[in-house]
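Since the structure comes first, as structure tokens, the remarks are kept for the end.
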Amino acid sequence: MSSPVKYVYAFGAALTEGEAAMKNLLGGKGANLAEMCRLGITVPPGFTISTEACTEFTDKGQAHVFELIRDEVAQGVARVEGEMGKRFGDPADPLLLSVRSGARASMPGMMDTILNLGLNDEAVVGLARKANNERFAWDSYRRFIQMYGDVVMGLKPVSKEEHDPFEVIIDMVKEKRGVKLDTDLGTDDLKELVQRFKSLIRARIGRDFPTDPWEQLWGAVFAVFESWNNDRAKVYRELNDIPQSWGTAVNVQAMVFGNLGDSSATGVAFSRDAGTGEDLFNGEFLINAQGEDVVAGVRTPQQISRLGSQRWAQLALVNEEERRSQFPSLEELMPDIYQQLLKAETLLENHFRDMQDMEFTIQEGKLWMLQTRNGKRTGAAMVRIAVEMLKQGMIDEKTALLRVAPERLNELLHPVFDTHAVKAAKVIARGLPASPGAATGQIVFFADEAEEWVKQGKVVILVRLETSPEDLRGMSVAQGILTARGGMTSHAAVVARGMGKCCISGAGAVHVDYKARTMTIGDTVYQEGDWLSLDGSTGEVFEGRIPTVEAGLSGDFGALMALTDKYKRLHVRANADTPDDAKVARNFGATGIGLCRTEHMFFAGDRILAVREMILANDEAGRRKALAKLLPMQRGDFEGMFREMNGLPVTIRLLDPPLHEFIPHDEAGQRTMANEMGVPLGKIKMRVEELHEFNPMMGHRGCRLGISYPEITEMQARAVIEAALNMKARGFEVKAEIMVPLVGTVREFDAQAKVIRQTAAAVFAERGEQLEYLLGTMIETPRAAVIADSIARQAEFFSFGTNDLTQMTLGFSRDDAGKFLPDYLRKGIYEHDPFRSIDQKGVGALVEMAVRKGQQARPGIETGVCGEHGGDPASVEFFHGAGLDYVSCSPFRVPIARLAAAQAAIRGGAPAPRAPRGGGAPTPLN
Ligand code: PEP
Ligand code: MG
């Protein structure tokens, strides 16, 4: 049956059917292989089976896909045979193939690869003769059986403590021969390995290793499709928001060999430093090796450039003489090839206008490029590369801003080690600075245990000989990762950089014993649970726990942030409850406080006593007495906020949570409270009983408190206005905004507004001076959103409390949703946690409607969001589209929101003119 749909696309010197723009169909690897061929770069010929074939495989099964693509694959192989001048399955001079996965988004190490496909007992003899290298042929054969046995036939370790069964056999043969390295094994040893591997497969799997090259090829193609659905690929997709439906392409390509002797090599190169972003061509290679040797991290690779090599030597404590003789760079060892590689990387970086991550093989003095892709990088590298490429004229400002994933800025805001503490700390080992950051935690040796420990509230450092894709979840929860083996491109290093996680790899002095659960350095034995600290920027491993301090905005980060202001329309404010938080927010570029939760101030110092006195009071007079004690404290807090935000708006919300939150619920706590306040325990118990609610989030809270006890609103309004006048008198520019929470009807707002306005008028009269302020409301009940036009006639601004609005619109309790939301996410009922990223169709539609209605009733009304969604990039993009004026988020998310706001404006077109602040008629001053 031949299919009308094309599933196979050729690439090579003779014919190339794909191109870079075809990533969805050909996967990243396939599309870029085609693009390299179009650029005239030397690439082994091959073909790509499209992602659509994978989707067919998942939906309709293997037999169906086989029929669909059989003829096209046969043609593809024939073309490769033509270009390479060899025949697939020819025992005298076999064409060997590699079969590799390649999805739309890169998923390093998550899916499977098979090399040297096409070998069998006859072909290996032909290969040996042709290459004039028997050892190479048998080594290729044993590698092929090993990979195919693992990936296609499923021969894997049965428990986490068991070593790879193939490696166990290799170790056994090495021991028998008395040699240490794989490279020390002779041809006869490799022949023995082949026989032993085959027997192992027969014994464990119950089938013979396939000798027919076509059977091998189809087995490998289907195994790659299958690997799209393996557990580690699923986990990776979950962590990186990659849809299940994309599928992977399969690249079948002529083999080239980096293990044909000392004029052959294989390596990985980056056009810029993936850890720091420095504009420095760098990478690693291994002489006489195949690609998986670099990634597996078993041998210590050499550096590509002389400079890189010298830097490596410094860290590895290798002197210059030893470096030059034993670990020379490619630049020194094969200067011509180095120049060709340099030319290719420059061509590719200029062509893609982004940092490239490339794989190459040198076969007997000839350079072949095997892959190029936009390199994964740390958050710091994202920023530096974007800013430097902008300065170098390679990209424009908008592209620079779009190059940085807002969430990744988190890494630049991560703490760094306290400089004094780190000076005093003891360096116990050094490794490669694989991914920057400071990490401190307890040693754990297994990824699943890392997860368990973190669930128990511990912070951990995952210590491994090397990591593998199975360790992904454990790596993602660890503070940092330390491996004894591996280079800058080992699995641990690549994955950690992708996660923005601190990582040190190849710390050779570290000896890990999984069985004993110990790590030994020199004479010192460290147990599981001992504290360890890592500096991923220097590669230093420290004993014990080192305190950390917060980072700030500077250099390239500062430059990028300044650029956001040029493009974003949304303003970014912060949710801050103390002057210290306000200061942090302002340093991060917040242009106002969008939410000051006044109740957070109620817990500080001994003011909780006055709060409790108010709650226990029997009547209004009693409450007023207690509130009078609170007044100066609140006023002082607000003065601090106005001081820090001099000239910028500060939105202060009236008391919101139910009163029982301020009283202890356990007997011991109540007893202490009774003693401190000199009241009988019984009275406290009775009040707790009275305040008990079945559903407190829908109970006596928000403006309902102010309706019942207007004197609370009065005290808070007085504190705000007095603080504002005091600061104004001291020369500060004060922009106060008073906000009423949880409004559902206009009358609620009116009642509270009346108290606030009267109080303000009273203070103005007492002081003989006045001041403008805004009086607005939160929109956080669905009813308020529906009647937003009526509310806007009274309120001067809206601030969407999307936490409560989500809770009430979805009917999901903020406090209890954690119990069932994971099921909803797993089953795809909700795609994202709606408390993290706004539910655009439901809650979002209410926001859009309320903004529209508000604008109609009061043109220019100020609107913002102060729920947690204000710091979520996808939600920020939505709020930009909804026409809000600002988002407000926690201080540490301010840079993230600024960048997300700029990106939203860039994606959504030119910045729209901003509505004037406040807009409506100013609050009457009397
Ligand atoms: C909200 O509901 O979104 C909000 C900001 O208020 P809180 O989280 O304090 O209820
Ligand atoms: Mg709320």
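We count ligands from 1, going down the list as the structure has it; atoms in each ligand are counted the same way.
- The N, O or S atom of E780 with the smallest distance to the Mg ion (ligand 2) is OE1.
- By the criterion of a heavy-atom distance under 4.0 Å, neither the backbone nor the side chain of Q807 is placed next to ligand 1.
- Taking the Mg ion (ligand 2) as reference, the nearest N/O/S atom within D804 carries the name OD2.
- For atom 9 (O) of ligand 1, the nearest protein heavy atom (residue, atom name, distance) is R597 NE, 2.8 Å.
- Of all atoms in ligand 1, listed by their number and element, those nearer than 4.0 Å to a heavy atom of R701 are 10 (O).
- Between E411 and K501 no salt bridge is recorded (no basic side-chain N to carboxylate O distance below 4.0 Å).
- By the criterion of a heavy-atom distance under 4.0 Å, the side chain of D656, and not its backbone, is placed next to ligand 1.
- No option in R623, Q716, R624 other than R623 meets the side chain to side chain donor-acceptor pair (under 3.5 Å) test with E711.
- Taking a cut-off of under 4.0 Å to the non-hydrogen atoms of R814, the atoms of ligand 1 that pass are 2 (O), 7 (P), 8 (O), 10 (O).
- The shortest non-hydrogen separation linking A882 to E848 is CB-CG, 3.8 Å.
- Here's the thing with E599: none of its N/O atoms is less than 3.5 angstrom from an N/O atom of ligand 1.
- Between the OG1 atom of T651 and the CZ atom of R597 there is a distance of 12.5 Å, given to the nearest 0.5 Å.
- Nearest to atom 6 (O) of ligand 1 among the protein's heavy atoms is R653 NH1, 3.0 Å.
- Contact annotation: for N575 versus ligand 1, there are no heavy atoms closer than 4.0 Å.
- Here the heavy atom of the protein found nearest to atom 3 (O) of ligand 1 is N803 N, 2.7 Å.
- Note that NE2 of H660 is 10.0 Å distant from CZ of R701, once rounded to the nearest 0.5 Å.
- In this structure, M808 falls outside the shell of residues with a heavy atom less than 4.0 angstrom from ligand 1.
- Contact annotation: the side chain of I791 never approaches that of D789 to less than 4.5 Å [non-hydrogen atoms, C-beta and beyond].
- Aromatic ring centroids of F812 and F820 lie under 6.0 Å apart.
- Close contacts between ligand 1 and L595 involve ligand atoms 5 (C) [criterion: under 4.0 Å to a heavy atom].
- Salt-bridge check for R607 with D637: passed, with a basic side-chain N closer than 4.0 Å to an acidic carboxylate O.
- Ring geometry for Y709 against H700 counts as tilted: the plane angle lies between 30° and 60°, on a 0 to 90° scale.
- Inter-residue side-chain proximity for L631 and E722 is flagged as met; some heavy-atom pair is nearer than 4.5 Å.
- Neither the backbone nor the side chain of M739 comes within contact range of ligand 1; no heavy atom lies under 4.0 Å.
- By the 4.0 Å heavy-atom criterion, E868 is excluded from the residues contacting ligand 1.
- Of all the atoms in ligand 1, the ones that sit under 4.0 Å from a non-hydrogen atom of C866 are 5 (C).
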